[in-house]
Structures are given as structure tokens and as C-alpha cells.
Amino acid sequence: MLNTSTAKAVIDHALFLGADFAELFVERHHSGSVELLSGEVDKVNSGIDFGIGIRLFFGHKVLYGYTNSQDEEKLKQVTSLLCAKDKRDQIAQAGALNFMQRDDRHPVSMPFSANNHVEEKIAFLKRVDAKARAQSDKISQIIGRIAQREQQIEIFNSTGLHVQDTRHYIRIASSVVATHGNEQSTGYEAPGMLSGWEFSSQIDPEELGEMAAKQALIKLGADACPSGEMPVVIGNGFGGVIFHEACGHLLETTSVAKKASVFHDKMGEMIAHPAVSAVDDGLMKNEWGSINIDDEGMETQHTQLIKDGKLTSFMVDHMGSLKTGFERTGSGRRESYKYAPTSRMRNTFIEPGDASFDDMISGVERGIYAKKMGGGSVQPGTGEFNFAVQEAYLIEDGKVTKPLKSATLISTGPKVLKEISMVGKDFALAAGMCGSVSGSVPTTVGQPALKVDNILVGGGN
């Protein structure tokens, strides 16, 4: 996308002005979406964005700027403005740019750039809508959305690196609102993959509509959740959002390097129950959070974060490695050319154990089954969290009984890791978007069902 001689000239210019390291991130992003509101086409969008990000290191200081121009003089002008903020006398030496072709681990047969498939997407969403509406006359609103995008990137840096990659994303979402009198509740399902339109063949539109509708309906007339400390069984798949938010961010060198994480000095120590092993993996074929290379040009990898309760690794980007001394893990990510990369998660999950779901439930005299997690908030420095439960049930005398509403789980990441006593076999993953200092990136969360022996539950009762 960018002429190699232009890239080399801009990098040489940055080093001549005193930068220790220089990088160009070139991106062409083609995106489109189709949205239905209550069975009618509401939005059809498409767009293309192009830009180049320029990142410079001066010791441990990072300077960043971007432009939509490929012109060499314009790129040098941005570079000069950045370098003016931190002059150095010593001039670093640039390596020759050598293009490296990386393997594509994530094959795509129906890319967005070849065909947008608008009519097929509309027909798919109408089937989602019809099935959701058929569940009950209490269904008051249905929003169906299919978003697809293709991100082409090219990276040059002063070590001589020159790599390219193309990423194909697709996500299919069903959002349902159920209403009864003055009461209203919602259901939401949104699977996604690093894939093209062929992903639609793996998703049953009727099942997608039915699942979202049943989530909304089951909370209508449900009892308010009891409050207090109690055992909770957290369901598989999106239940992993708690580990992602309350623990995963604390294992990124973005926070570790600043000692803003409670785990910054815990390497090699037991930070979780021995039943807990956790991974951040960028290699999983066509998963939503997977990548061939990170946004710094390094090949991605499988990173064991916690093994049998012991902290074994952080997620480390280039600057994080310089600041902490830990080896890079291919975890440097960014939303687009408008952001400098930082250490971020990819597919992050608690690995399956050997406990059965029935044993988890039967061991609880009175507690909560959090079948489906929702959104929440986290205090990054401490891991303190407050998460809503999208679908919850009461556990009484070792049995799942009635549905509940207004349930929240409140604790801290470090505490909840040690309260997990049983990890199940029913492993599943779920797609999501993660926001941080380098923007919003596709990430996957996951886990099998697990039992937390004691956690504060907030509710309406």
C-alpha cells in the first residue's frame, strides 16, 4: 500500500532527527453493515478509511501521530513535528527494509471486498426477526445487525521489518426487547468470527432469534435477585468476561509497567486457586480475537498466563518489553492507524477442568446460577468489578429453581481468582469488543462453567 522507498525515507528522517526507533503503520479499512428494525431494513452502510500512523521511541517515551496522506513530504512533516518534542544528539541506524511473507492461519472463502451479499444478509435477518417474534406477543422490538469488515495493514520499522496482513471480520447480532405492562427486559446474542460471509452457514438464524427472545422473556415476571455473599456458578462462554475485565487487563504490561496492577510483582506466585489455568491465544483458527501478526508486526502466539493457579506470563508489547524486561508475546494491538499500539488481549479464557456441572450445582445449598453474563464496570488498578447478569437463576438445596432479575456480581479480580474451586468441562468461547487506551479491538472471552465459593451478589431484594 505504501511505496517501500517512501517508508524507508521517512524512517531514516526520524532516526536522523534523533528517534531511537521508528515505525509506520499503514491501514486500509473497508467496512459495511446491514441493520433491520422490527423486520424492516433500517440501515445499510459502507465505507473505506485509509491512514498511516507514525510511532517514535525516545527511550521509554512514545510519540505518535497520523495522517491520511501517502505523500513522502507530508509524512516527513508529521515526523518532524513529533521529533521536535524530544531532540536527541545520538542518531540511531536504520536497517534495510526486508519484506517478510507471514503464513495466513485464517483462510477466508467469501471476503467482504469480493461481494457485500446485501440481499442475502437482509433475508438472513428477516428469518432471525420472524423466529424471535414467534416466541411471544410480548416481544416488542427486534434489532438484527450484520457487520462485516476487511482490514489491510502494512508495517515498516527501523529494525528492517516490513510485513503485511489482511483481517476479515464478521459479526451477526440479535437484540430483542420484551414488554409486559410497565416491565421491560432484553436479550442479546452476537456471535462473531475472523471470517467472511461463509460464517453465516455456521449460524442458524432461527436459533439465534429464539435464543435472544427467550433471554428477554424469561426475566419478565421473575423474582428480584437476593443480595449478600453466597456461592455462584457462572456459565460457560461469555461468563469469561469477568476474567477478561477483572484479571486480564491486570496482566497486560500496559498496567504492569506502571505498577498499576496488583500482579506487577507476582510472577511465579500463586494468584489463583490451583483449579484455574488461563490462556491468551492468538493462534486459534478463525476465532474472533485471532490474528496472524500483531499491530507491531510480530507473529502471534499461545501465551499461558496462569498454570494451576500460578502466574506464568504477562501480555507484552514492544514498549512493555523495554520497560519491564519481559519477552514480547505478540500482544501489541490497536483499533486503527489513529492509535499507538499497547499490550492487549486476543482470545483470553480459563481452560477446561474436570468438574461436572451437576456436581457444581448440587454442592450449593443456596446461591445463584449466572447462566449468561452481561456488561459491567471495572476499576483497572485494582480489578474491582460490578457485572450485571443477563440471565440468572436461584439455586436451592442443590437444584436450579426459579429465574431471577436484577442480579449483579461484585468483587475484585484477585479475590475471585482464589474463590474459584471447581472448573467444568463444557468449554465455550464468545465474541466481544474490548476498549482500552489503544481503542476498541475484537477479543474473545471464554471458559467452561465454574463455581465461585463466595462472592457478593447485588440484587433488587
Side-chain angles (χ1 to χ4, degrees), residues 33-43 122 124-147 171-192 203-228 232-235 237-239 241-242 245 367-378 385-395 400-410 430-433 435 445 456-461:
S33 64
V34 177
E35 187 171 300
L36 264 65
L37 175 62
S38 296
E40 300 297 327
V41 177
D42 186 48
K43 297 174 185 176
I122 291 172
F124 186 101
L125 292 174
K126 283 183 176 293
R127 291 171 64 189
V128 173
D129 181 276
K131 188 65 174 182
R133 197 174 303 281
Q135 300 309 302
S136 171
D137 58 6
K138 295 183 177 67
I139 300 298
S140 56
Q141 181 175 284
I142 304 163
I143 299 175
R145 188 172 189 266
I146 298 176
R171 199 169 188 195
I172 304 174
S174 174
S175 177
V176 176
V177 178
T179 304
H180 181 61
N182 294 326
E183 187 177 1
Q184 199 172 73
S185 62
T186 61
Y188 181 74
E189 290 289 334
I203 304 298
D204 183 329
E206 281 79 17
E207 183 179 352
L208 185 66
E210 183 178 358
M211 288 172 63
K214 286 185 174 179
Q215 276 182 37
L217 289 167
I218 204 163
K219 287 178 287 185
L220 287 180
D223 289 347
C225 180
S227 301
V232 172
V233 175
I234 302 176
F238 201 69
V241 70
I242 289 184
E245 292 288 0
I368 304 297
Y369 171 35
K371 183 177 180 179
K372 172 86 173 180
M373 293 302 301
S377 61
V378 179
F385 64 79
N386 184 318
F387 275 95
V389 183
Q390 178 78 5
E391 185 176 350
Y393 299 85
L394 186 65
I395 304 173
V400 177
T401 57
K402 58 187 177 182
L404 301 170
K405 61 184 177 183
S406 305
T408 58
L409 303 183
I410 305 161
M433 296 298 294
V445 301
L456 181 60
V457 177
N461 186 359

Heavy-atom closest pair (Ile218 atom, Tyr393 atom, distance to 0.1 Å) is CD1-OH, 2.8 Å
In Å, rounded to the nearest 0.5 Å, how long is the span from CD of Glu391 to OG of Ser185?
10.5 Å
Between Gly458 and Ser227, what is the shortest heavy-atom contact and its length?
C-OG, 4.0 Å
Would you mind checking if Arg127 and Glu206 are paired as a salt bridge, meaning a charged N to carboxylate O distance below 4.0 Å?
yes
If you round to the nearest 0.5 Å, how far is CD of Gln215 from CD of Glu210?
11.5 Å
Could you check whether Asp223 pairs with Lys405 (Lys NZ or Arg NE/NH1/NH2 to Asp/Glu carboxylate O, under 4.0 Å)?
no
Mind checking the CG-CD1 spacing from Asp129 to Ile142? Nearest 0.5 Å is all I need.
4.0 Å
Atom pair NZ (Lys372) and CD1 (Ile234), whose distance is rounded to the nearest 0.5 Å:
14.0 Å
Less than 4.5 Å apart, side chain to side chain, heavy atoms only: is that true for Thr401 and Ile395?
no
Taking side-chain contact (heavy atoms from CB on, under 4.5 Å) as the criterion, tell me which of Leu125, Asp42, Val41 meets it with Glu35.
Asp42
Give, for atom CD1 of Ile242 and atom CZ of Phe385, the distance between the pair rounded to the nearest 0.5 Å.
4.5 Å
Val389 vs Ile368, side chain to side chain contact (heavy atoms under 4.5 Å, CB included): CA-CA, chis, key distance, verdict
CA-CA 10 Å; Val389 183; Ile368 304 297; 5.8 Å; no
Smallest separation among heavy atoms of Gly192 and Ala431, with atom names
N-CB, 3.7 Å
Are the side chains of Arg171 and Ile146 in contact, using a 4.5 Å heavy-atom criterion?
no
Can any side-chain N or O of Lys219 pair as donor or acceptor with the backbone N or O of Thr186 at less than 3.5 Å?
yes
What pair of heavy atoms forms the shortest contact from Gly239 to Met373, and how long is it?
CA-CG, 3.7 Å
Given Gln141 and Ile143, is the side chain to side chain contact (heavy atoms under 4.5 Å, CB included) satisfied, shown in steps?
CA-CA 7 Å; Gln141 181 175 284; Ile143 299 175; 3.7 Å; yes
Evaluate side chain to side chain contact (heavy atoms under 4.5 Å, CB included) for Val176 paired with Tyr188, printing each intermediate quantity in order.
CA-CA 6 Å; Val176 176; Tyr188 181 74; over 6 Å; no
Atom CD of Gln184 and atom OG1 of Thr179: how far apart are they, to the nearest 0.5 Å?
4.0 Å
Measure the shortest side-chain to side-chain distance between Leu409 and Leu456 over non-hydrogen atoms and say whether it is less than 4.5 angstrom.
no
Minimal heavy-atom distance between Thr408 and Ala388, with the atoms involved, is CG2-CA, 4.1 Å
Identify whether the distance between the nearest side-chain nitrogen and carboxylate oxygen of Glu189 and Lys214 falls below 4.0 Å.
no
With a 4.5 Å limit on heavy-atom distance, are the side chains of Phe387 and Val378 in contact?
yes
List the atom of Phe124, the atom of Ile172, and the distance in Å for their closest heavy-atom pair.
CE2-CG2, 3.7 Å
Could you tell me whether the side chain of Arg145 and the main chain of Ser33 form a donor-acceptor pair under 3.5 Å?
no
Output, in order, the C-alpha distance, side-chain angles, deciding distance and verdict of side chain to side chain contact (heavy atoms under 4.5 Å, CB included) for Leu36 and Glu40.
CA-CA 5 Å; Leu36 264 65; Glu40 300 297 327; over 6 Å; no
